[in-house]
A.B. asks: 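Would you mind keeping the following structure in view while I ask a few things?
Since the model is a prediction, treat every value here as computed from it, not as a measurement.
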Amino acid sequence: MTVRIHSLWLMPAPADEAMLAGIIGELSGRFGTPLFAPHLTLQGDTETTPELLRQAITAATGAVEAFAEPVSAVEGSDAYFRSFYARFAVSPALAKLKQSLDPDGFASFMPHVSLLYGEVEAGAKAAAIAEINARLDGRAIRFDRVGIVTSGQDVPIANWQVVASVALRSA
């Protein structure tokens, strides 16, 4: 039997999700990189069943209201899944969700929403980062739910799929 790998994603509210998906689509078209849904990973690559994950996120989301977090900066790195991303501070709401859902990963938590996966020529990437940073500078992204996603480093990006989601508390 093949084990299904899942991740837990903090997902932007619909308007911000559409805006970020537009940026991801624009960058994908410009650089020939994969398309993916905008998200902030709270826990990646777990073999925990969706049923147990749903219980965990239901408890976690019941303790956190939907919130908006300003983009700290748009940055890049050499990591495939963190090639180009919008970074966020570890706010109280983000810290609470991370500690509740993935306490072992809290020390290395760097909240971000990736905007491009893969290798891109350094000069072109730096120019695109500057452009997107100017567009997102100080913009707050509203997060309103946590999704259980069939995804992982060994799952093709085209096969990533949200299998369930639970809303954060309403304000």
A.B. asks: Rounded at 0.5 Å granularity, tell me how far OH in Y117 sits from CZ in F81.
C.D. replies: 6.0 Å

A.B. asks: Look up atom CG in L42 and atom CG in L94, then write down how far apart they are to the nearest 0.5 Å.
C.D. replies: 7.5 Å

A.B. asks: Tell me which one of R142, K96, R169 satisfies salt bridge (charged side-chain N to carboxylate O under 4.0 Å, His left out) with E65.
C.D. replies: R169

A.B. asks: Does some side-chain heavy atom of T46 sit less than 4.5 Å from a side-chain heavy atom of D102?
C.D. replies: no

A.B. asks: To check you understand the geometry: which heavy-atom pair defines the closest contact between F36 and L116, and what is its length?
C.D. replies: CZ-N, 3.7 Å

A.B. asks: Can you name the nearest heavy-atom pair linking A66 to L168, along with the distance?
C.D. replies: N-CB, 3.6 Å

A.B. asks: Once side chain to side chain contact (heavy atoms under 4.5 Å, CB included) is applied, do any residues pair with K125, and if so which ones, sequence neighbours excluded?
C.D. replies: S83, F84, V120, I129

A.B. asks: Donor-acceptor pair, distance only, cut-off 3.5 Å: does the side chain of T41 make one with the backbone of Q43?
C.D. replies: no

A.B. asks: Can you find a heavy atom in the side chain of R54 that is under 4.5 Å from one in the side chain of T49?
C.D. replies: no

A.B. asks: Give me the other members of the hydrophobic cluster that Y85 sits in, counting Ile, Leu, Val, Met, Phe, Trp and Tyr linked by side-chain heavy atoms under 4.5 Å, directly or via other members.
C.D. replies: M110

A.B. asks: Calculate, to the nearest 0.5 Å, the distance between atoms OG and CG belonging to S91 and L97 respectively.
C.D. replies: 8.5 Å

A.B. asks: State which residues pass side chain to side chain contact (heavy atoms under 4.5 Å, CB included) with N159; sequence neighbours excluded, sorted by chain then number.
C.D. replies: V155, P156

A.B. asks: If we only count heavy atoms from C-beta on, is the T33 to I24 side-chain gap below 4.5 Å?
C.D. replies: no

A.B. asks: Among residues two or more places apart or on two chains, list those pairs meeting salt bridge (charged side-chain N to carboxylate O under 4.0 Å, His left out) that have a residue in residues 14-43.
C.D. replies: D16-R139, E17-R145, E26-R30, E26-R135, R30-E131

A.B. asks: Side-chain contact, heavy-atom cut-off 4.5 Å: L20 with L115?
C.D. replies: yes

A.B. asks: According to a 4.5 Å side-chain heavy-atom criterion applied to Ile, Leu, Val, Met, Phe, Trp and Tyr, with indirect links allowed, do L52 and V146 form part of one hydrophobic cluster?
C.D. replies: no

A.B. asks: Specify the closest pair of heavy atoms between A124 and E121, including all atoms of both residues, with the distance to one decimal.
C.D. replies: N-OE1, 2.8 Å

A.B. asks: Is it true that, when you exclude E119 itself, more than 12 heavy atoms of the residues, nucleotides or ligands shown sit nearer than 6.0 Å to its CD?
C.D. replies: no

A.B. asks: Taking C-beta and beyond as the side chain, do I148 and I57 meet within less than 4.5 Å on heavy atoms?
C.D. replies: yes

A.B. asks: Search all heavy atoms of S72 against all heavy atoms of A89 and return the closest pair with its distance.
C.D. replies: OG-N, 3.3 Å

A.B. asks: Just say parallel, tilted or perpendicular for the rings of F106 and F109, cut-offs at 30° and 60°.
C.D. replies: tilted

A.B. asks: Any chance the side chains of Q161 and T150 put a donor and an acceptor closer than 3.5 Å?
C.D. replies: no

A.B. asks: Where the side chain of S77 meets the backbone of A79, is there a donor-acceptor pair that is under 3.5 Å apart?
C.D. replies: yes

A.B. asks: Measure across S100 and A60 and return the closest heavy-atom pair with its distance rounded to 0.1 Å.
C.D. replies: OG-CB, 3.4 Å

A.B. asks: Considering only heavy atoms from C-beta outward, does the side chain of H39 approach that of W160 to under 4.5 Å?
C.D. replies: yes

A.B. asks: Which atom pair, heavy atoms only, marks the closest approach of V64 to A93?
C.D. replies: CG1-CB, 4.0 Å

A.B. asks: Mind listing the side-chain donor-acceptor pairs of residues 6-14 below 3.5 Å, one per line with the distance, residues two or more places apart or on another chain?
C.D. replies:
from : atom 1 : to   : atom 2 : distance (Å)
S7   : OG     : D45  : N      : 3.4
S7   : OG     : S151 : OG     : 2.9

A.B. asks: Using a 4.5 Å cut-off on heavy atoms from C-beta on, say whether the side chain of I23 contacts that of I132.
C.D. replies: yes

A.B. asks: Applying ring pair (Phe, Tyr, Trp, His ring centres under 6.0 Å) as the test, list every pair that has at least one member in residues 129-156; sequence neighbours left out.
C.D. replies: F67-F143, F88-F143

